[in-house]
Amino acid sequence: MSRLQAALEAGKFVVTAEVGPPKGVDVAEFLETAEFLRDRVDAINVTDQQSSVMTLGSLAACHLLKERGIEPIYQLTCRDRNRIALQSDLLSAHVLGIENVLCLTGDYVTLGDHPWAKPVFDLDSVTLLQAVETLQSGRDLAGKPLKGTPRFFPGAVVSPGSNPLEPQIAKMEKKVRAGARFFQTQGVYDAEQFVHFMEQVKHLNVPVLVGIILLKSAGMARFMNRNVAGVHVPDHLIEEMAEAEDRVKTSIEIAARLIREVKDICQGVHIMSLGWERYIPAILDAAGV
């Protein structure tokens, strides 16, 4: 059982953070950031070619964390691999001691730095979860028996801010049936909306970690409202950032306030700091976590 799974099953309010691997092979800053967060988070998500930008692989980066006793969450996307490669990478993850897997469909290649790349999408997030379950049953997707059976703690994502919300809940239900054991959400900026979402999915009885994306500016907030599906930053938060004399201080205050408002109705928080990892301890302190 992974430490993340044990913490959730014990009823602990879990904290996870997202750290992206470098675009290259110099891992010093990546490891320094992970070490900085070690005592404040329960696990670190390692992104998998986030926004379709080519970087060092998530599997290798997770292995580096595991070697140092830091709990990784292996993000695995379907965009760049067919079902053969996805299953092989899952087996490799198990052999390397990586237990937590976040199953994602992946962003379109047109968003990234290789827009001419050929996308794969042989599987999607639901069928990838099913592939994890199949491997854990001792067979591959072709029905062939495995020599040794892997064990994982699989997770998935959901967007509480989607409008309409019903398709997201239906997809979440499919993911639970496919084997998802925990969820991390897309960025949440409306506590009342998140409370409504949690009421709608409480029948699933699965841990949900609220996603908090740090706001760096009013411009960033407006950009997300235009371009990031399932994310909506309310006007009053945009105005708060626009009028801020100290944007970092205001961003910390907004993130901490959101966590305080929702921490009693969910099982943890997932912080996406976008390079501002050094402010995560201050956010957690201000949120009382």
Side-chain angles (χ1 to χ4, degrees), residues 1-19 31 33-48 58-59 61-76 90 93-94 96-104 129 132-133 136 150-158 160 172 175-176 178-188 194 197-198 201-202 204-214 255-256 258-273 277 279-289:
M1 179 185 296
S2 74
R3 298 206 304 266
L4 175 64
Q5 181 179 356
L8 286 168
E9 291 186 359
K12 178 183 179 183
F13 186 84
V14 162
V15 178
T16 61
E18 185 176 277
V19 180
L31 293 176
T33 300
E35 288 288 350
F36 174 74
L37 295 174
R38 175 194 290 271
D39 296 329
R40 296 308 304 265
V41 303
D42 294 281
I44 291 177
N45 282 54
V46 181
T47 55
D48 182 17
S58 178
L59 183 58
C62 283
H63 177 54
L64 293 176
L65 297 187
K66 191 72 178 181
E67 282 186 319
R68 289 157 176 78
I70 299 171
E71 182 84 346
I73 299 175
Y74 174 36
Q75 293 194 184
L76 182 62
L90 284 165
H94 173 87
L96 295 173
I98 297 162
E99 300 165 282
N100 310 303
V101 180
L102 191 73
C103 297
L104 305 164
L129 285 162
V132 172
E133 286 290 286
Q136 292 189 124
R151 288 287 175 262
F152 298 106
F153 184 50
V157 298
V158 65
M172 187 178 180
K175 290 178 179 180
V176 172
R181 304 283 298 282
F182 72 97
F183 282 83
Q184 293 173 325
T185 82
Q186 178 60 282
V188 168
F194 183 69
F197 165 78
M198 290 298 292
V201 301
K202 63 183 179 180
L204 296 176
N205 195 32
V206 62
V208 174
L209 281 60
V210 62
I212 301 293
I213 304 175
L214 299 194
L258 285 165
I259 295 170
R260 287 195 303 270
E261 289 174 344
V262 303
K263 67 181 182 180
D264 291 335
I265 63 165
C266 60
Q267 289 70 48
V269 59
H270 176 54
I271 301 177
M272 294 163 275
S273 53
E277 289 83 10
Y279 302 124
I280 289 177
I283 293 167
L284 297 176
D285 289 342
V289 175

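Quick note: residue numbers are just sequence positions, from 1. We use all heavy atoms of the structure for the numbers below, so side chains are in, but hydrogens, waters and symmetry mates are not.
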Q. With a 4.0 Å cut-off, would you call Glu9 and Arg181 a salt bridge?
A.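 Result for this pair is yes, salt bridge flagged.
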Is any side-chain heavy atom of [Y] closer than 4.5 Å to one of [X]?
X: Phe153; Y: Ile73; value: no
X: Asp48; Y: Leu104; value: no
X: Pro150; Y: Leu90; value: no
X: Phe182; Y: Gln267; value: no
X: Phe152; Y: Ser2; value: no
X: Leu258; Y: Phe194; value: no
X: Phe183; Y: Val176; value: yes
X: Glu71; Y: Lys66; value: yes

Just by modelled atom types, is the [Y] backbone N or O under 3.5 Å from a matching donor or acceptor in the [X] side chain?
X: Arg40; Y: Ala282; answer: no
X: Thr185; Y: Val210; answer: no
X: Asp42; Y: Thr16; answer: no
X: Gln184; Y: Val157; answer: no
X: Arg38; Y: Arg68; answer: yes
X: Ser58; Y: Val46; answer: yes
X: Lys263; Y: Phe13; answer: no

**Q.** Test log, rule side-chain contact (heavy atoms from CB on, under 4.5 Å), inputs Leu65 and Leu31
**A.** CA-CA 8 Å; Leu65 297 187; Leu31 293 176; 4.2 Å; yes
Q: Starting from the C-alpha separation in whole Å, work towards a yes-or-no answer on side-chain contact (heavy atoms from CB on, under 4.5 Å) for Leu209 and Leu8.
A: CA-CA 10 Å; Leu209 281 60; Leu8 286 168; 4.1 Å; yes
Heavy atoms only: give me the nearest [X]-[Y] pair and the separation to one decimal.
X: Phe197; Y: Val208; value: CE2-CG1, 4.5 Å
X: Cys62; Y: Ile98; value: CB-CD1, 3.5 Å
X: Leu129; Y: Gly179; value: CD2-C, 4.5 Å

Spatial distance of atom [atom1] ([X]) from atom [atom2] ([Y]) [nearest 0.5 Å]:
X: His270; Y: Ile44; atom1: NE2; atom2: CD1; result: 11.0 Å
X: Glu18; Y: Ile213; atom1: CD; atom2: CD1; result: 8.5 Å
X: Leu64; Y: Ile70; atom1: CG; atom2: CD1; result: 10.0 Å
X: Asp285; Y: Ile280; atom1: CG; atom2: CD1; result: 12.0 Å

Q | For Glu133, side chain to side chain contact (heavy atoms under 4.5 Å, CB included) partners two or more places apart | A |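 Glu133 satisfies side chain to side chain contact (heavy atoms under 4.5 Å, CB included) with Gln136 once adjacent residues are dropped.
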Q. Yes or no on side-chain contact (heavy atoms from CB on, under 4.5 Å) for Val41 and Ile271, after CA distance, side-chain angles and deciding distance?
A. CA-CA 10 Å; Val41 303; Ile271 301 177; over 6 Å; no
Q: Starting from the C-alpha separation in whole Å, work towards a yes-or-no answer on side-chain contact (heavy atoms from CB on, under 4.5 Å) for Val188 and Val262.
A: CA-CA 10 Å; Val188 168; Val262 303; 5.5 Å; no
